[in-house]
Protein chains: 2
Amino acid sequence: MQSSHTETIDAFRRLCRQKGIAATHQRHTVYQCVMNSKDHPTPELIYERVREEFPFISLATVYKCLHTFIDVGLLKPASLHHASLRVDPNLHRHHHLVCKICGSMTDVGDDQIVQPRFVGKLPRGFRVEAIAVEVIGTCADCQQQVQ
Amino acid sequence: MQSSHTETIDAFRRLCRQKGIAATHQRHTVYQCVMNSKDHPTPELIYERVREEFPFISLATVYKCLHTFIDVGLLKPASLHHASLRVDPNLHRHHHLVCKICGSMTDVGDDQIVQPRFVGKLPRGFRVEAIAVEVIGTCADCQQQVQ
DNA sequence: CTAGCTGCAAAGTCTTTGCCAGGAA
DNA sequence: TTCCTGGCAAAGACTTTGCAGCTAG
């Protein structure tokens with residue numbers, strides 16, 4: 001977890017100054033925790049991990065830290081779809097255009113996209129069942145809103 | 001909305017019998033609503049739309065119908081990530097292996113996948129900013145659990 | 001010193017559950 | 001008739017908010 005603590009704290013300070021946010025102990029711990037995660041942890045999981053070395057942090061603070069980091073571009077949400085269930089009546093193989101502003105999803109036919117393919121080694125032990133392509137961007141409506 | 005009502009009701013009855021679920025008025029209305037949606041509606045939105053022609057349905061019933069349809073394969077969730085926020089410390093272009101059982105996400109380097117490409121016409125008015133590939137399947141751990 | 005941050009608890013979303021009455025097969 | 005389903009309201013999961021006190025810069 002900690003290689004050269006002083007060094008990483010300084011690096012984090014610099015990063016925060018550069019992004020215009022305060023470098024607090026909580027933020028540093030949350031940041032370290034996420035950067036050292038190989039999985040794509042949920043706020044709850046980060047909270048549990050961080051509490052091991054910072055027992056008094058609150059879950060609300062973890063949420064606030066994560067959103068701050070996302071806002072300044074230090075982290076990304078792993079998916080655009082953590083809001084609400086959405087159902088898809090189209091059972092055929094197809095892909096989606098996803099608007100990052102309004103979250104709208106539009107179908108793209110399977111034949112309109114060249115299937116992605118693995119190059120070299122497939123991941124060990126993982127049984128591939130489908131490949132979904134998400135084309136992320138801004139829909140026509142949202143482009144007008146911003147202008 | 002309704003073309004040949006008797007016909008579609010019969011078709012729905014057949015579908016339900018085939019899937020081993022009861023063909024109720026509520027289920028039929030929800031099913032019709034979703035099948036006629038071009039977007040990928042949320043339960044709340046479906047609820048609003050369905051209430052126009054079936055004012056006494058409850059939101060809980062909409063949820064139950066949707067899950068029933070998903071369980072029997074009449075519908076799919078539009079994404080696997082509607083549970084909780086997950087953050088990604090990896091800011092480089094990369095893709096994900098997603099386990100449909102446990103939801104785990106593993107990184108796949110951008111260079112391990114041949115980028116998908118559009119064939120022919122790009123979607124009108126949509127500004128493409130990124131393309132994310134999700135390789136969906138079952139992870140090694142979950143395969144063992146099932147066996 | 002000041003602006004911005006944390007912790008707490010309360011409130012807000014979204015979703016599920018338990019239970020009984022009612023409808024499908 | 002029997003089993004499944006719908007409606008309601010309560011509970012549950014996840015997330016945000018308001019505010020008072022504290023901390024970084």
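When reading the values below, keep in mind they use all heavy atoms of this one structure, side chains included, and skip hydrogens, waters and symmetry mates. None of these values were measured; they are calculated from a predicted model. To find a chain, count down the sequence lines: A is the first, B the second, and so on, and within it residues start at 1.
- Ring planes of A/Phe12 and A/Phe69: perpendicular class, angle over 60° (limits at 30 and 60°).
- If you chain together hydrophobic residues whose side chains sit under 4.5 Å apart, B/Tyr31 and B/Phe54 fall into the same group.
- Heavy atoms of B/His82 sit nowhere under 4.0 angstrom from any nucleic acid atom.
- Side-chain N or O atoms of B/Arg27 include one that pairs as donor or acceptor with a backbone N or O of B/Ala22 at under 3.5 Å.
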Quick one, A/Glu53 with A/Thr29, criterion side chain to side chain contact (heavy atoms under 4.5 Å, CB included). Give me CA distance, side-chain angles, the key distance, then yes/no. CA-CA 8 Å; A/Glu53 67 174 70; A/Thr29 315; 3.7 Å; yes

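- Rounding to the nearest 0.5 Å places SG of B/Cys65 at 5.5 Å from CD1 of B/Ile57.
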With B for base contact, S for sugar-phosphate-only contact and - for none (protein heavy atoms under 4.0 Å), nucleotides 2-14 of chain D reads ---SSBBB----S

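- One distance of note links CD of A/Glu48 with CD of A/Glu44; it measures 5.5 Å at 0.5 Å rounding.
- Side-chain polar atoms of B/Gln115 and B/His95 form a donor-acceptor pair below 3.5 angstrom.
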Give every donor-acceptor pair under 3.5 Å between a side-chain atom in residues 96-107 of chain B and any protein atom, sequence neighbours left out.
residue  : atom : partner  : partner atom : Å
B/His96  : NE2  : A/His40  : NE2          : 3.2
B/His96  : NE2  : B/Asp88  : OD2          : 3.0
B/His96  : NE2  : B/His94  : NE2          : 3.2
B/His96  : NE2  : B/Asp107 : OD1          : 3.4
B/Lys100 : NZ   : A/Glu129 : OE1          : 2.9
B/Asp107 : OD1  : A/His40  : NE2          : 2.7
B/Asp107 : OD2  : B/Asn90  : ND2          : 3.0

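- With a heavy-atom cut-off of 4.0 Å to chain A, the contacted part of DNA chain C has its first and last nucleotide at C/dC5 to C/dT15.
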